[in-house]
Every structure is written in C-alpha cells, then in structure tokens.
Amino acid sequence: MADDDTAILGAADERSTAPPARPTDGPGLPQSGPAGGASRSPAAGGGPAGRWLPRIVMAGLVLAALTLRPPITSLGALLEEVRDGLGMSGTVAGLLTSVPALCFAVFGIAAPRLARRWGPGTIVCAGLAAITLGIAARPFAGGTGGFLAASAVALAGIAVSNVLIPVVIKAWFPDRVGPMTGLYSMALALGTSLAAALTVPMTGALGGSWRAGLAGWAVLAAVAVLPWLVVARQRGAAGPPTGAAVRPEEAPVRITSSPTAWWLALFFGLQATAAYITMGWMPQIFRDAGVPAGTAGVLLAVTMAVGVPLSFVVPRLAARMRHQGPLVVLLGLCGLAGEAGLWFAPAAGAWAWALLMGVSNCAFTLALTMIGMRATSSAGVVKLSAFVQCVGYLLSIPGPLLVGTLYQHSGGWGLPIALMAGLMVPQIAMGVLAGRDRRIEDEA
C-alpha cells in the first residue's frame, strides 16, 4: 500500500507553482534566510557529517519503506499455520486482518503531536524499533492474546511511520519531493511483494517453523533502525514542512459539512476493506483450491507488485481528468472480474485473478490522489486527509473479520467472495461521486 501523505505530497508537487518549502531549524520553525531561496537539505554545510546526512536519510527512507508492509503480508502467507499453531478460530483470524486498519486509524492520529514534541526523525526511529520488537516477539508471545498484542505494537510503529515519513521527505528534500516520494513508494511496494513471495521459502529454510518464518523479518526492521538513529540526532533538522502550516488568509474548513469529503471517505474505506481482505485472505483462497502454499504466496506478491508501475501511472492519468469516475469504474470492473474468477475457477486462472486484483487495488493510489485534488487550500488538504483516513480506516475494520466469520460458518469461500463482490458495487458508486470536479472549500 503507497501511503496516504505520500500520494498527497506527490500530487501537490506536480500541481503547485509556489516555491519549494524551505527546510526547518526546528519543529515547525522556518529556517532563516530569504524567502523562496534555493532549497537545501537541513544538514547541508554542516561539515563531513552534514554532507553525508542526506544520503543517510535517503537510505533510511528506502529501508523503512521495505519494512513497513512485511508484518502484514508475511502473516497472510502463513495464516493457516498460525491458526493451527495457536488454535485460532476463523473469526479471530479475521480479526488479525482487521487489526492493521484499526491501528492505522488510532495510532496515526497521535503521530503529529508526537512529532511536535520530539521531532519526526525521532518518532520514525521509535516506530521502526516498535516494528522490530513486535515482529520478533509476536510468534513467541504465548497464545492468541499475546500474538495480537505484539502485532499491535508493530502496527503502531507502522502507523506513525506512515504519517511522518512524508514529512521527513519534505523537510530534507524540499526541491525533490516528487522523485523521493517515487523512490519511497517503489520501495514500499517492493517490500510488500518480497514478504509475500519469500515468507514461505524462508520458513522452509529456517526449519519449517512458522514462528521463525514470521520472526525472521525482524532482521530487516532492525537494519532499518540504524540510519534513523543518526537522523534522530538531527531532531531539529527534520521538522515538518512550513507549507503544512495554515496560512492566515485561509478560511477554516468545516470538513463534516462537505458531501465530497464523505463520498471520498466512504470510497477510501471500501477500497481499504478490499485491500485488507485481499492481503489477509487471498493466499488462503488459493491454497484451499489446491494451489501450493509457496505458489499462493507468489500470487499475492504478483498482486502487490502490480502497484509498483501503476502507482506512477494512475496519479498522472487522474490529474489530467476533470472527473476521475471513469478510472474508478475501470478499477472496480477489474476487481469484479477477479472476484468472479476466484468464485468459478480459483486454481485454473489463478495468475489472471491475481493480476486483476492487483489492478483493482490501485484504487488506493487513486483515492489518495483525489484527496490532493478535492481541496484548494493547505488547511483543506490537511483536514480532508485526516478525515478521509480516519473514517476510511475505521470503516474498513469489519470487512476482513466478517470474511473470516463467513468462511468458518459456511465451510467455503462462496459467501466471502460474494461479500467482496457486493462491496465493490458501492465502492464504484462512492468513487464516481468523489471523482467529480468539486472542492470541499466551495461546498463548506
């Protein structure tokens, strides 16, 4: 999943004609110097260490992106073994696939306040440390409750990192937001795909224990912490971009009075539901149809990898369209076709269904792009982003849980897949409404 603020910053970078935001001397404090002057990294000119810091930050961004999705997709690849090993019911397994959305909604809200207190670099470093601890501890935490608690620790670290890494990009690379955002997004998709493809083979190489297979990803997370330890020491240099502040002339926006904000929040929530169901349950659908576990993991990796090139294509197409409804419909039809294939011939056409589901999952990128297009002021973008993500992630929580319950009580995948297809219809409808050429400031 490219992340919310990432897409917003990328869209703003393409559309804005204002001079790039200057780095900051401290959290929220603009660096001294002439307005609109040449941008430079916060540590530029600080001696040999200062000259190396931007490269360290760049390495940290890539490593962090590679780390942010394996805790989720590695679990999907081994969900059957985890269920058997912990004696977990289908309903509880569905809860596992819903926990990420809950944590993203709850812990993501706290990220800006934490960053103002200790600095974004420090909080990202702490978030990656939490990911390392959660991944390493959850297979050995003892029982389902301990597994869920340790997973929540890792997901809390992912949540705050999701929110704050784009802030660090804007502060350290104010004149290269687009390229750095693209690098970060590509590494994010790559980490998602690698975890889906390699978890099962890695488990076999580690003796066949699902506990070792899941815990092994803690090594990557621990490596990702190292560059951020250096960044955290430059706390004042990685403050939020000055462009995030509300300008005095901008009128306040009452977000809940905007119909477009609600349509977009509902679209975001429904596409997130589909994405989490896919990540959490699609490998199991294939395995129950007779596809080997390793192949099922690779199929999920294909689904995730489709987002790598399309994450660059979809925003550019959306930005050229006055109404993004046709894109919404196209992605939704791909999802319906993939779900129909999972119903009628899950094993025979597995590669085609995985590809179609991957294309459909690019609704996430489209939703984030529309956030940046549906507001004109900086205050509007910030409020719309927070509203859409909070409401959307909360709405996405019941879906994977309901799929697990239906699977357990029906003994097959007919009803769960029917639910997935049924949810795709309102997703298309909400996306078409949200895609109209409107601005929340005008509606409010």
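Quick caveat, the model's predicted, so the values are computed rather than measured.
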*What do you reckon, is CZ of R436 surrounded by more than 12 foreign heavy atoms closer than 6.0 Å?*
yes
With a 3.5 Å distance limit and no angle check, can you tell me whether [X] reaches the backbone of [Y] through a side-chain donor-acceptor pair?
X    : Y    : result
W353 : G349 : yes
W343 : G414 : no
T73  : R69  : yes
S396 : Y393 : yes
W210 : P139 : no
E443 : T260 : yes

Testing the basics here: between [X] and [Y], what is the closest heavy-atom pair and its distance to 0.1 Å?
X    : Y    : result
H323 : G325 : ND1-N, 2.7 Å
Q324 : R374 : OE1-NH1, 2.9 Å
A261 : V388 : O-CG2, 4.1 Å
G431 : M370 : O-CE, 4.5 Å
S74  : R138 : OG-NH2, 3.8 Å
A154 : I135 : CB-N, 4.2 Å

Enter the distance from [X]:[atom1] to [Y]:[atom2] here, rounded to the nearest 0.5 Å.
X    : Y    : atom1 : atom2 : answer
I158 : L68  : CD1   : CG    : 6.0 Å
T203 : L78  : OG1   : CG    : 4.5 Å
L66  : T192 : CG    : OG1   : 9.0 Å
W263 : R438 : CH2   : CZ    : 10.5 Å
M304 : N361 : CE    : CG    : 5.0 Å
S360 : L355 : OG    : CG    : 11.5 Å

I want to check something: taking the side chain as every heavy atom from C-beta on, are [X] and [Y] in contact at a cut-off of under 4.5 Å?
X    : Y    : result
F286 : L342 : yes
V328 : F267 : yes
W172 : L53  : yes
L214 : V82  : yes
P283 : L299 : no
L75  : F147 : yes
W217 : T199 : yes
L330 : L333 : no

*Evaluate side chain to side chain contact (heavy atoms under 4.5 Å, CB included) for L419 paired with L406, printing each intermediate quantity in order.*
CA-CA 9 Å; L419 173 66; L406 289 175; 4.0 Å; yes
*Give the intermediate values and the outcome of side chain to side chain contact (heavy atoms under 4.5 Å, CB included) for residues T295 and V200.*
CA-CA 9 Å; T295 304; V200 172; over 6 Å; no
*asked:* Assess the residue pair V391 and L394 against the criterion (side chain to side chain contact (heavy atoms under 4.5 Å, CB included)); give the C-alpha distance rounded to whole Å, side-chain angles, the decisive distance to 0.1 Å, and a yes or no.
replied: CA-CA 5 Å; V391 173; L394 289 175; 5.9 Å; no
_Students often mix this up, so state it plainly: with edges at 30° and 60°, are the rings of F104 and Y276 parallel, tilted or perpendicular?_
tilted
*Evaluate the side chain to side chain contact (heavy atoms under 4.5 Å, CB included) criterion for residues F107 and L155: first the C-alpha distance (whole Å), next the side-chain angles of each, then the deciding distance (0.1 Å), finally the verdict.*
CA-CA 9 Å; F107 295 109; L155 292 168; over 6 Å; no
